[in-house]
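Worksheet: the structure to be examined is printed underneath.
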Amino acid sequence: MKTELILASSSPFRQSILQKFSLNFHSFSPDIDESPLIDETPEQLVLRLSKLKAQSAKELYESGLAIGSDQVAVFNGQILGKPHNKENAVKQLTLFSGQKVTFLTGLSVYDISTDTAKTIVEPFHVHFRSLSLEEICVYLDKETPYQCAGSFKSEGLGICLFEKLEGDDPNSLVGLPLIRLFSLLREFGLDVLKP
């Protein structure tokens, strides 16, 4: 029997990454309150939200494997949100200049039929070059990454802001760590490399 694959995300970036597996999948936008709980660590936040997103698929589907993912940027122990405008993005990138920022991506695979989930956190570290205000403004004017945590798009021109990237899977920086996803799907009996 063919397993239905469901992506609990409306993100075109996550959809594009998942297409690398050459599998058919459905996607939807989960209606989840993403506010952190009191005293919740960044790791706990992304674990909770990715699992809630995956589990929300049971409201729309009777069976299948649902994938939920959530990501935060962490700098000096603080969670950084999306900048939403140029002024906030300039502040974020100025703060990051010459520094390391950690991105934590929560990933959950939920089997709707058995009501079981496997959830992990994948860290990824971005080392920023020393950036001038002019470079920051030119970058922001060209790419307008105001809906992206960290104020950049690593899959685009944002790559020019970095000195180096450090982590197991560059896909996790865009919000969907495929190496860990492949492993989790196999644990549920779905092997991308089997006919």
Side-chain angles (χ1 to χ4, degrees), residues 7-23 25-36 42-43 45-46 49-50 53 67-108 121-182:
L7 179 63
S9 174
S10 57
S11 163
F13 306 113
R14 286 192 177 109
Q15 291 174 17
S16 175
I17 293 170
L18 187 54
Q19 287 170 353
K20 292 180 182 182
F21 277 172
S22 298
L23 294 173
F25 63 91
H26 300 274
S27 64
F28 72 99
S29 182
D31 185 19
I32 300 292
D33 180 0
E34 298 188 14
S35 306
E43 290 86 355
L45 175 66
V46 295
L49 293 181
S50 58
K53 288 176 181 181
I67 302 162
S69 184
D70 191 76
Q71 184 181 70
V72 294
V74 180
F75 182 69
N76 287 340
Q78 298 295 312
I79 294 174
L80 304 167
K82 297 172 183 175
H84 299 294
N85 60 50
K86 184 175 180 179
E87 181 183 350
N88 290 336
V90 168
K91 286 178 187 172
Q92 277 193 353
L93 291 177
T94 301
L95 191 65
F96 297 164
S97 178
Q99 303 292 318
K100 177 176 90 170
V101 178
T102 299
F103 286 80
L104 299 173
T105 304
L107 176 66
S108 187
V121 175
E122 180 81 4
F124 199 88
H125 308 286
V126 175
H127 298 260
F128 282 81
R129 294 187 304 103
S130 291
L131 303 169
S132 69
L133 180 59
E134 182 183 29
E135 287 176 310
I136 290 169
C137 290
V138 167
Y139 168 69
L140 293 174
D141 288 342
K142 286 187 174 188
E143 201 150 63
T144 62
Y146 307 133
Q147 299 307 314
C148 301
S151 303
F152 66 83
K153 295 179 185 174
S154 63
E155 67 279 13
L157 190 60
I159 200 76
C160 299
L161 305 174
F162 309 147
E163 188 173 275
K164 72 174 182 174
L165 301 174
E166 185 182 2
D168 293 336
D169 186 344
N171 293 298
S172 63
L173 193 54
V174 188
L176 196 63
L178 286 186
I179 294 172
R180 296 298 296 274
L181 178 58
F182 174 74

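We use all heavy atoms of the structure for the numbers below, so side chains are in, but hydrogens, waters and symmetry mates are not.
Put simply, NZ on K153 and NZ on K142 are 14.0 Å apart, with the number rounded to the nearest 0.5 Å. To the nearest 0.5 Å, the span separating CG on L181 from CG on L18 amounts to 6.5 Å. Put simply, NE2 on H84 and SG on C148 are 11.0 Å apart, with the number rounded to the nearest 0.5 Å. One distance of note links CG of L23 with CG of L7; it measures 12.0 Å at 0.5 Å rounding. Atom-to-atom distance recorded for I136:CD1 and K91:NZ is 13.5 Å, nearest 0.5 angstrom. Expressed to the nearest 0.5 Å, how far CZ of F103 lies from NE2 of H125 amounts to 11.5 Å.
Side chain of E166 to backbone of H127: no donor-acceptor contact under 3.5 angstrom is found. Under a 3.5 Å cut-off, the side chain of D33 and the backbone N or O of S35 do form a donor-acceptor pair. Judged by distance alone, the side chain of D169 and the main-chain N or O of L178 form a donor-acceptor pair under 3.5 Å. Using a distance-only test at 3.5 Å, with no hydrogens or angles considered, no donor-acceptor pair links the side chain of S172 to the main chain of P177. A donor-acceptor pair under 3.5 Å is absent between the side-chain atoms of R14 and the main chain of G68, judged by distance alone.
Residues meeting the salt bridge (Lys or Arg N to Asp or Glu O under 4.0 Å) test with E34, sequence neighbours left out: K53. Legend: residues meeting side-chain hydrogen bond (donor to acceptor under 3.5 Å, both in side chains) with K86, ordered by chain and number and at least two apart, are D141.
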request  = Would you sort out whether L176 and I67 count as a side chain to side chain contact (heavy atoms under 4.5 Å, CB included), showing the intermediate values?
outcome  = CA-CA 9 Å; L176 196 63; I67 302 162; 4.0 Å; yes

key: Steps toward side chain to side chain contact (heavy atoms under 4.5 Å, CB included) verdict (Y139, L131)   = CA-CA 11 Å; Y139 168 69; L131 303 169; over 6 Å; no

request  = Could you walk me through whether V101 and F152 pass side chain to side chain contact (heavy atoms under 4.5 Å, CB included), step by step?
outcome  = CA-CA 12 Å; V101 178; F152 66 83; over 6 Å; no

ask   = Can you check side chain to side chain contact (heavy atoms under 4.5 Å, CB included) on F182 and I179, steps first, answer last?
value = CA-CA 5 Å; F182 174 74; I179 294 172; 6.0 Å; no

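Minimum interatomic distance between S151 and A89 (heavy atoms only, all atoms of both residues): OG-CA, 3.4 Å. Closest non-hydrogen pair, G175 versus S69, comes out as O-OG, 2.6 Å. Between I79 and P42, the shortest heavy-atom contact is CG1-CG, 3.7 Å. Considering every non-hydrogen atom in both P30 and S9, the closest pair reads CD-N, 3.9 Å. The minimum heavy-atom distance between A149 and K82, with the atom names listed, is N-CG, 3.9 Å. Between Q19 and F25 the shortest heavy-atom distance is CG-CE2, 3.8 Å.
Ion pairing between a basic and an acidic side chain is recognised when a charged N comes within 4.0 Å of a carboxylate O; E122 and R180 show such pairing.
Between N88 and Y146, the closest side-chain pair of non-hydrogen atoms is not below 4.5 Å. I159 is listed as a side-chain neighbour of L165, based on a closest heavy-atom distance under 4.5 Å.
For the residue pair S27 and Q15, a side-chain donor N or O sits within less than 3.5 Å of a side-chain acceptor on the partner.
In the displayed structure, N85 atom CG is contacted under 6.0 Å by more than 12 heavy atoms of other residues, nucleotides or ligands.
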